[in-house]
There are 2 protein chains.
Amino acid sequence: MIDLSADRAVFRQLADLLRDQIQSGELAPGRPLPSELRLAQEYGLSRTTVRQAIGQLRTEGLVTVDRPRGTFVRVPERAELVTLGRGERVSARMPTDAERRTYRLAEGVPVLVITATDGSTTVHPADRVQLTRP
Amino acid sequence: MIDLSADRAVFRQLADLLRDQIQSGELAPGRPLPSELRLAQEYGLSRTTVRQAIGQLRTEGLVTVDRPRGTFVRVPERAELVTLGRGERVSARMPTDAERRTYRLAEGVPVLVITATDGSTTVHPADRVQLTRP
DNA sequence: TACGATTTGTACGTATGTATA
DNA sequence: CTATACATACGTACAAATCGT
């Protein structure tokens, strides 16, 4: 399970375990993770360490927190298709805290930035938009 | 500066201050942030709280840590142009921990995922690739 | 309505390890 | 060799919101 003497940090090992359960479907989208206290007791860790592990999964966009109801496996959003115009360029980056609030972005969700030929940019939440080239 | 009685968490207020200094150019790319201990003393906070603030900026991709040299304002990478093929679709997401290691991605950097018409996908670091539609 | 239990968030502290200058 | 700086991991305490009784 978790090897205290391993090179890899304990909280990363716990994140790995939970990520595996999510990606294997053992923890399906919408399902709650065990509470932080539960995980701490289960694995004999401090709550701090458990929170580090869950924090890792949050930054990866794999789980969302509904405080104080619990932490849940993220349910994929329905993505809207946006057509890319001729000459437009696409990049992606993480939003700032302010952008996250204005776009109501969940944690661990990047934004797609489209730059038009005139230099103007538009920003799209990456979990709700997919770009197409017709 | 920092208002302990404010609604906004102290570590978020500190993150806001530092982010402002970065975005205004007061803290230019490549420049080091004050050390965690320094910031803690400067603002009368615990090192834990300072680390939370810096952690926020790390997830936003604004700073990188070169341990134990210090924490630095991220220097933008030179982006390679990748042409988008007909019918291809683009999305973005955060990499897992394993992907970050394989692609040598810095923290807070998303990946661009291109899905071809046959369903195959290719992954590009979002800080080194920009997509074009000719 | 009221209360208590649960759960996550914030903030503090300590100690130790590791790599760099 | 020493000092510095970030990483990990433990602990405590309290706040805030939700939920069931």
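Note on naming: letters A, B, ... go to the chains in the order of the sequence lines (proteins, then strands), and numbering restarts at 1 for each one. What you see below is based on every heavy atom in this structure, not just the backbone, and it leaves out hydrogens, waters and symmetry mates.
- Each of B/T71 and A/V10 was assigned the nucleotide of DNA chain D with the nearest heavy atom; the assignment lying further toward the 5' end belongs to B/T71.
- Nucleotide C/dG9 holds its C1' atom 12 Å from the CD1 atom of A/I54, rounded to whole Å.
- As a whole-Å value, the separation of A/F11 CZ from D/dC10 C1' is 14 Å.
- Nucleotide C/dT7 holds its C1' atom 12 Å from the CG atom of A/L39, rounded to whole Å.
- With rounding to the nearest 0.5 angstrom, the CG atom of A/D118 is 9.0 Å from the CD atom of A/E88.
- The separation between A/Q41 atom CD and C/dT6 atom P is 11 Å, rounded to whole Å.
- For A/Q52 and A/Q56, the side-chain atoms include no donor-acceptor pair closer than 3.5 Å.
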Between the protein and nucleotides 16-19 of chain C, which nitrogen or oxygen pairs come in under 3.5 angstrom?
residue: C/dG17; atom: N2; partner: B/R67; partner atom: NH2; Å: 3.0

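- Once rounded to the nearest 0.5 Å, the distance linking OG1 of B/T59 with CZ of A/R58 reads 10.5 Å.
- Among C/dC12, D/dC19, D/dA9, the nucleotide with an atom closest to any side-chain atom of A/R69 is D/dC19.
- Nucleic acid contact for B/R12: sugar-phosphate only, since backbone atoms but no base atoms lie under 4.0 Å from a heavy atom of the residue.
- With both pairing distances under 3.5 Å, C/dT1 is matched to nothing as a Watson-Crick or G-U wobble pair.
- No side-chain heavy atom of A/T71 sits less than 4.5 Å from a side-chain heavy atom of A/T64.
- Rounded to whole angstrom, the span from the CD1 atom of B/I2 across to the P atom of C/dT10 amounts to 14 Å.
- Looking at heavy-atom distances under 4.0 Å, A/R58 makes contact with sugar-phosphate atoms alone, never a base.
- In terms of position along DNA chain D, the nucleotide closest to A/Q52 lies nearer the 5' end than the nucleotide closest to the other residue of the pair A/D66 and A/Q52.
- Picking from C/dG13, D/dC6, D/dC10 the nucleotide with the shortest atom distance to the side chain of A/T48 gives D/dC10.
- Comparing D/dA7, C/dT8, D/dA9 by their closest approach to the side chain of B/R51 singles out D/dA7.
- Looking at B/V111 and B/H124, their side chains never come closer than 4.5 Å, going by heavy atoms from C-beta outward.
- Look at CD on B/Q56: it is 14 Å from C1' on C/dG9, rounded to the nearest Å.
- In this structure, A/T49 does not reach the D/dT8 phosphate: none of its side-chain N or O atoms is under 4.0 Å from OP1 or OP2.
- Looking at B/S120 and B/T115, their side chains never come closer than 4.5 Å, going by heavy atoms from C-beta outward.
- You'll find the side chain of A/L33 reaches within 4.5 Å of the side chain of A/V73, heavy atoms only.
- Atoms CG (B/L4) and C1' (C/dG9) sit 16 Å apart, rounded to a whole Å.
- Remark: P of C/dC12 and CD of B/E36 are 14 Å apart, rounded to the nearest angstrom.
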